[in-house]
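Encoded as structure tokens, the structure appears first; notes follow it.
Throughout, protein chains are lettered first and strands after them, A, B, ... in sequence-line order, and every chain is numbered starting at 1.
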Amino acid sequence: MLKIEKVNKNFGKLKILKDINLEVKKGDRVVIIGPSGSGKSTLLRCINYLNKPDSGKIYFNDEIINDKNIAIYRQKIGMVFQSFNLFNNLNVIENIILAPVKLGIYSFDEAKKKAIEYLKRIDLADKVSVYPSSLSGGQKQRVAIVRTLMMKPEIILFDEPTSALDPEMVKEVQELMIELANEGMTMVIVTHEVSFVKRVATKIVFMDEGKIILEGTYDEMINSENESVKLFLSNIK
Amino acid sequence: MSRIYDEFYKSLIYDDRYLYILEGLKNTLLIAIGAVILGILIGLIISLVRDKYDRFKKLPVLNFICRGYVTIIRGTPALLQLMIIYYVIFKSVDVNLVLVGILAFGINSGAYVSEIMRAGINSVDVGQMEAATSLGLSYGKSMRYVIIPQAIKNILPALGNEFITLIKETSVAGYIGIMELTKSSDIIASRTYNYFFPLIITALIYLFITSVLSKLLSIFERKISNA
Ligand SMILES: Nc1ncnc2c1ncn2[C@@H]1O[C@H](COP(=O)(O)OP(=O)(O)OP(=O)(O)O)[C@@H](O)[C@H]1O
Ligand SMILES: [Mg+2]
């Protein structure tokens, strides 16, 4: 579904991503781990061109993503941010239906109906016309996930979706993600939550200093002899 | 005491001279309101061109023109701009003076408003644009539905101040013969040979308008920040 080929990204003179290759197949749940500053967020953001790669190719369903077609692919590649980024000027349902209505995925009425279905599912049907500022972090992130789902994405990128949350709210977001996983959603997730990684990942990618050091299953990662992997895992447990 | 009343009578009541003041007030408000609307339109366009350039390096020529415009307008006196527009551009055209005033002060205000708007756009968290973009919304749609509404909310106080500034700045419009508030007091004074009353009265009118506007603005601001 998604293929990243020799992607490089620099910020000024700093090389942040170095020849990254990664393949994500339909139904995969790829978890990216690694130390702070290793380029995990940058890699995710290169996939949907929030940061444009300096070189390399990104294929989505065998088509090369470029400047011209990126808007179309962004509809199919959902993204969930650490800081939620709900639109502050819009209430919950407006947040959810803005893009699908403006981009013609749904008519206004269909979008509303669909949005309310989703809100019921995440137990926030009573928050339809509430503004983001009066939601808890966990509620905000679940609304943000629903906002992405409304675009009928084929894959969703999550950049530390729970690390800005109070501990008691982490679970409600993770449960929603696991539901999506069980429904077969393809996901790429950056996270530090080891127990969650174990439950959700079909493949784990370890990044360090802009490179992918190791790719494998949870067990392979845990049992790795690689020094930086061992150091990282011992630090986050 | 009766002398003071006498002067007051001569300045305002006699010969219906207060009508000058009313006419001046009307024109001052017309010019200020027209100019602030025009200024917001111009300012919005400039700030969008410059934002697009800042983000994507698109529209370099337009961006250059906009920057030049802002530099020139902010670097020269408003009265001079008014004179250039009236004596040079509308030299031989029969044109409504109030319209010239609106145009000149609107063009002037646009440069200042564009800077206010830019600050407003930049004050919106970058995550808002990223979220909009990542959903597939174009730059234009993201700006229109997400960024601009938040930016406007952040800069409403500054825009209100711009309006208050304009009301005072238009007092130089009398120079090209526009009958605005300051000019009207000047006309009355030239009839009565007494400057005190006409000037004090117009000063009080300016003060009243600007104070009421400031007050409304701060009430409005409080409303918004509570919402
Ligand atoms: N827009 C930018 N301009 C300049 N440098 C940047 C920019 N974005 C990221 N960087 C730098 O790139 C490096 C990698 O950042 P990135 O956010 O991808 O790391 P990360 O692995 O996600 O880290 P963390 O776990 O802290 O989120 C960091 O050194 C960061 O300072
Ligand atoms: Mg990061």
Indicate yes or no: does [X] engage [Y] in a salt bridge with an N to O separation below 4.0 Å.
{"X": "B:Glu23", "Y": "B:Lys26", "result": "yes"}
{"X": "B:Glu180", "Y": "B:Lys183", "result": "no"}
{"X": "A:Glu175", "Y": "A:Arg142", "result": "no"}
{"X": "A:Glu110", "Y": "A:Lys113", "result": "no"}

Nearest non-hydrogen partners of [X] and [Y], listed with the distance:
{"X": "B:Ile167", "Y": "B:Thr28", "value": "O-CG2, 4.0 Å"}
{"X": "B:Thr202", "Y": "B:Leu181", "value": "CG2-O, 3.5 Å"}
{"X": "A:Ser136", "Y": "A:Met169", "value": "CB-CE, 3.6 Å"}

For this session: With chain A as the partner chain, list the residues of residues 119-137 of chain B whose heavy atoms fall under 4.5 Å from it, by residue number, and write 'none' if nothing qualifies.
Result: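 Checking residues 119-137 of chain B against chain A gives B:Asp125, B:Gly127, B:Gln128, B:Glu130, B:Ala131, B:Ala132, B:Thr133, B:Ser134, B:Leu135, B:Gly136, B:Leu137.
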For this session: Taking the six-membered ring for Trp and the full ring for Phe, Tyr or His, determine whether the centres of A:Phe87 and B:Tyr145 are under 6.0 Å apart.
Result: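 Centroid separation for A:Phe87 and B:Tyr145: 6.0 Å or greater.
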Exercise. Which residues, numbered in order, of residues 48-78 of chain A come under 4.5 angstrom of chain B by heavy-atom distance?
Worked result: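 Expected list: A:Asn48, A:Leu50, A:Ala71, A:Arg74, A:Gln75, A:Ile77.
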Exercise. Under 3.5 Å, side chain of B:Asn96 to main-chain N/O of B:Val98, donor-acceptor pair present?
Worked result: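 Yes: the side chain of B:Asn96 pairs with the backbone of B:Val98.
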Problem set entry | A:Gln139 side chain vs A:Leu124 backbone, donor-acceptor pair below 3.5 Å |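 Checked: no pair found.
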Exercise. With a 4.5 angstrom heavy-atom cut-off, which part of A:Leu86 approaches chain B: side chain, backbone, both or neither?
Worked result: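 Just its backbone gets close to chain B.
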Problem set entry | Engaged part of A:Arg45 at the chain B interface, taking heavy atoms whose separation is under 4.5 Å |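 Side chain only.
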For this session: Specify which of A:Leu157, A:Val80, A:Thr148, A:Asn88 makes the most heavy-atom pairs with chain B at under 4.5 Å.
Result: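 Maximum pair count with chain B is reached by A:Asn88.
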Exercise. Of all of A:Met79, A:Arg147, A:Met150, which one pairs up most often with chain B through heavy atoms under 4.5 Å apart?
Worked result: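 Most heavy-atom pairs under 4.5 Å with chain B: A:Arg147.
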Exercise. Any side-chain donor-acceptor pair under 3.5 Å between A:Thr162 and A:Gln141?
Worked result: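 There is no such pair (donor and acceptor under 3.5 Å, judged by atom type) between the side chains of A:Thr162 and A:Gln141.
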